[in-house]
Amino acid sequence: MRRALFWLALAAVLIALPQGLSLSQQEMLVFLTINILLVASYRLLTLTGEWSLAHVVIMGVGAYASALYAAHFAVPVPVSMLLGAATAAGVALLLSYPLFRMKGFYFLIGSFAAGEIIRLLWRRFREPFGGPRGLTRIEPMPSFDLGVWHFDFFLPASYYYLVLAVVAVSLWTLWRIEKSPVGLTFHAVHWQDSLAQAAGVNVRAWRTLAFVIASGFAGLCGALGAHYLGTANPQAFGVEQMVFVLTWAIVGGTATFHGPILGCIALTVLNDVVLRGLGLEQARPMAYGLVLILAVLFLPKGLEDLLARALRRLRGAGARTEPAP
Amino acid sequence: MVEFLAQTGLNALYAASYLSLIAVGLVLIFGVMRVINFAHGELYMAGAYCVVALYAQGRAPFLAAVAAGAVFVGLLGLLMERALFRPLRDNPLGGLVASIGFLMILQAAAAMGFGVRMQNIPPASQEVLVIADRVRLALPRLWVIIAAAVLLSALWLFLKRTRFGWALRASAQDREAAALQGISIDRTARVAMFIGAALAGIAGALTAPMVSVNPNMGHSVIISAFIIIIVGGIGSLEGAVIAAFAYAFVHTFVATFADAVIADIVGLLLMLAVLIVRPTGLMGTRDRA
């Protein structure tokens, strides 16, 4: 009952959210929602113990693929988005053959190299990737009517609702995967690598599965972003963006499902609302870097740990104020 | 054609020299600290900006500016050791994120202090060494090659021939065993960070007049350095030097005969190939994943 109320209240807040915001804030909200799915999909990958630096490039694969399908094969945009996600998953499957020969730090650097190669290919080949300037005038999402509601997807508020629906369904799917036997196996592969192997678990196959699923959702994020922005270029999927995803996950904490999401929201609000609001345009990366350092130094378990402790204290206080029977 | 090849070879030798300075510093830091220093490219950038501040704007002699740059960047390394890597010693992922935070601070500091535009630095010397009609080497480039040879030899002697060098290598091999022998891990860590950072600073300072100095210049350098330390085997100083030469020659020749983007792709493919076939690198001895 309480839980149902919580979800209803959350849904109401999320639906009402764009109403009070300016156009640019609504736009920020669109990207924040996409980034939440991006970082949640990244967590699925980290469940198996591997930290990839190719996730944002894979997201770019989804963006490029979806845009190209819509432009060259006249695929309807919603379908091309799904095809883009599938393409990202396929590319991840191909990459997994060389990459999962490595583990740990080698995987980190190997995935970085693989991602950079893809980015350089976009830059090098003007046909069909558009070279350094990338793709422009990407097919927008066609507007549609739903009874009395009219959705014109040029408006950030409308696009936000589309993104919200897609992200909500995706997050639910990711959550179900994590709580299913598949997700438990991912945990086993991470924490009990040798034991899982001895118990007949094909560790590499499970790592590959996590990588492919996570990449599919990352590709979906890319496609969602590309059809809204109308552009996709190599710089948009560079190391800087990957660093942001990595820091969201680590500052939020990867022990729980909501940790990275918490990190994404907190750091985005900090970076785009607080620091921008203070007008520190050039000092922004400096303040952000400082927060990052302070977070790893003093919050090693992430923001999720802070939240859990606050909740526990709140509950403890609540229990004490209740009259004794 | 022979002259053209010789000229390209000289260019590659120059690239190998400054890249090996950077990569050796990165390997030294990784060996002792067990942390991948993502800010290493920005330490290189900080060295270049020291030359901007002291030589281009402050009119100090070039070599004095380079020396000041080495010391300043070495001190930055000490700061990183004390403030970031020591508290995060048991948390390698945390150390990596902290170094990313430090990288952002350094980039923003450079942008705020000097602006984001490319810096204009007068050449340190106009003289050109003419080896043959079409084989020339500008004197500042020769300095880089000489500096790399001298500094790396000195480092090699320090590590192999002095007691402290032994202690440093011992703590890189096995931190606990070294501590049990009475080696101060904090002290070896400080020295490794200072030397590693100072080498990147010298590389940045010496090459500053020949490259485009801007707050983001560390980015391409760190990618090359990663390729080199992977190919050479993480933790191996000799491997890093050999890999720096191999990478610089392959990259320079491919860039000259094809184009720069293809050269970058070839370099990354080289690294992937090494990772797949021999994940410990050319000179790596054991898996340190």
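We name chains A, B, ... by the order of the sequence lines, and we start the count at 1 in each one. Please read all numbers here as calculations on a predicted model, not as lab measurements.
Here the CD1 atom belonging to B:Ile265 is positioned 7.5 Å from the CZ atom belonging to A:Arg124, to the nearest 0.5 angstrom. To the nearest 0.5 Å, atom CD1 of residue A:Ile250 and atom CD1 of residue B:Ile100 are 7.0 Å apart.
For A:Leu121, the parts lying near chain B are the backbone and the side chain together; criterion is any non-hydrogen pair under 4.5 Å. When heavy atoms are compared at a cutoff of 4.5 Å, A:Phe107 does not approach chain B at all. With a 4.5 angstrom heavy-atom cutoff, A:Leu120 touches chain B via backbone and side-chain atoms both. With a 4.5 Å cut-off on non-hydrogen atoms, B:Met271 touches chain A through its side chain but not through its backbone. For chain A, the nearby parts of B:Ala109 are the backbone and the side chain; heavy atoms of each come within less than 4.5 Å. The contact between A:Ile117 and chain B is made by backbone and side chain atoms together, counting heavy-atom distances below 4.5 Å.
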- request: Output, in order, the C-alpha distance, side-chain angles, deciding distance and verdict of side-chain contact (heavy atoms from CB on, under 4.5 Å) for A:Ile109 and B:Ile227.
  value: CA-CA 9 Å; A:Ile109 296 293; B:Ile227 296 175; over 6 Å; no
- request: Output, in order, the C-alpha distance, side-chain angles, deciding distance and verdict of side-chain contact (heavy atoms from CB on, under 4.5 Å) for B:Ile223 and A:Phe112.
  value: CA-CA 9 Å; B:Ile223 294 181; A:Phe112 175 65; 3.7 Å; yes
side-chain contact (heavy atoms from CB on, under 4.5 Å) between B:Ile36 and A:Leu108, intermediate numbers included: CA-CA 11 Å; B:Ile36 292 301; A:Leu108 189 88; 5.9 Å; no
task: For the pair B:Leu275 and A:Leu99, evaluate side-chain contact (heavy atoms from CB on, under 4.5 Å) and give the outcome as yes or no after the intermediate values.
output: CA-CA 9 Å; B:Leu275 278 171; A:Leu99 289 184; over 6 Å; no
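Here A:Pro98 is the residue among A:Pro300, A:Pro98, A:Ala295 with the most heavy-atom pairs under 4.5 Å with chain B.
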